[in-house]
Amino acid sequence: GPPMSQPLLPRRFLFHFSVPCLYRQPLWTAKGAGLDEEYRLLNLAELEGGAGTADVRAAWSEDGLALTVRVAGKRQAPWCRASQPEDSDGLQVWIDTRDVHNIHRAGRFCHRFVFLPAGVGRRLDEPAALWLPINRAREQPRPIAPRALNVLSQKRVDGYVLDALIGAGALTGFDPAEHPRLGFTYAVLDRELGEQTFGVGSPMPYQEDPSLWTTLELVR
């Protein structure tokens with residue numbers, strides 16, 4: 001038959017996805033998170049026929065949320081500046097500790113973090129972990145505890161592997177026993193490879209609209 005025409009809306013917009021995130025203790029060691037295959041998050045981009053450039057894995061415990069991201073297929077070094085986090089190659093993460101999907105502006109349970117494989121230090125070659133405000137937010141979360149974020153990065157020939165820790169102290173309202181579902185999305189941004197998002201991507205305003213985020217189910 002004739003080829004299917006492209007849907008006007010991405011499929012990820014038409015359904016509300018809930019993706020399991022597995023428990024792990026300890027969540028973080030001196031070597032980082034180092035999450036293996038079983039923690040890989042379903043790549044929703046594949047539903048739209050795209051193949052992701054990044055392999056993203058996540059785990060949780062009462063101590064917070066950890067991620068391991070592997071970016072491959074690069075020919076250039078990542079471009080990273082902690083002073084320009086939104087323009088840098090790296091991982092951005094959005095979390096709503098209440099998983100409310102009927103609001104279009106972020107409230108105090110909504111968080112945004114950026115993890116860069118480089119961009120800090122004298123030679124700009126050390127990784128960075130940052131909290132960023134969400135555009136148009138009605139209310140910001142409480143200030144994060146120092147050392148509540150952690151990041152480790154390893155260079156690879158064709159990219160990098162990045163481990164990120166978002167400690168419970170960085171997450172207003174984080175209470176896995178009472179609220180085992182998180183509103184969640186990520187964007188792996190790369191000047192060379194483009195944007196890979198978990199939920200809906202650009203041009204939808206996922207950076208500021210929690211109704212466009214997916215659900216991460218904290219599974220024991």
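The shown structure was predicted, so the numbers you read here are calculated from the model rather than taken from an experiment.
The ring of F113 has its center no closer than 6.0 angstrom to the ring center of W94.
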Scan the side chains in residues 133-149 for donor-acceptor partners under 3.5 Å anywhere in the protein, sequence neighbours excluded, and list what turns up.
unit_1 : atom_1 : unit_2 : atom_2 : d
N135   : ND2    : E208   : OE1    : 2.7
R136   : NH1    : E208   : OE2    : 3.0
R138   : NH2    : R105   : O      : 3.4

Under 3.5 Å donor-acceptor pairs involving side-chain atoms of residues 56-73, not counting sequence neighbours:
unit_1 : atom_1 : unit_2 : atom_2 : d
R57    : NE     : D55    : OD1    : 2.8
R57    : NH1    : L35    : O      : 3.1
R57    : NH2    : E37    : OE2    : 3.4
R57    : NH2    : D55    : OD2    : 2.9
W60    : NE1    : C21    : O      : 3.3
W60    : NE1    : V219   : O      : 3.0
S61    : OG     : D63    : N      : 2.9
E62    : OE1    : Y23    : OH     : 2.8
E62    : OE2    : R220   : NH2    : 2.5
D63    : OD2    : Q25    : NE2    : 3.4
T68    : OG1    : L35    : N      : 3.1
T68    : OG1    : D163   : OD1    : 2.7
R70    : NH2    : D158   : OD1    : 3.4

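A donor-acceptor pair under 3.5 Å is formed between the side chain of H111 and the backbone N or O of T172.
Classified by interplanar angle (parallel below 30°, tilted 30° to 60°, perpendicular above 60°), the ring pair Y186/F184 is perpendicular.
G90 approaches L116 most closely through the heavy-atom pair CA-CD2, 4.3 Å. Annotation for T185 and G199: closest pair OG1-N, 3.1 Å, computed over non-hydrogen atoms. The two residues K74 and Q76 come nearest to each other via the heavy atoms CE-O, 3.2 Å. Residues L212 and M204 share a closest heavy-atom pair of CD1-CB, 3.9 Å.
For D209, there are no salt bridge (charged side-chain N to carboxylate O under 4.0 Å, His left out) partners two or more places apart in sequence or in a different chain. Remark: R75 engages E192 in a side-chain contact (heavy atoms from CB on, under 4.5 Å) (not counting sequence neighbours). Residues that satisfy the side-chain contact (heavy atoms from CB on, under 4.5 Å) test with S83, not counting sequence neighbours, are R81.
A side-chain donor-acceptor contact under 3.5 Å links H104 and S211.
Applying the under-4.5 Å side-chain rule to Ile, Leu, Val, Met, Phe, Trp and Tyr, the cluster around W79 consists of that residue alone.
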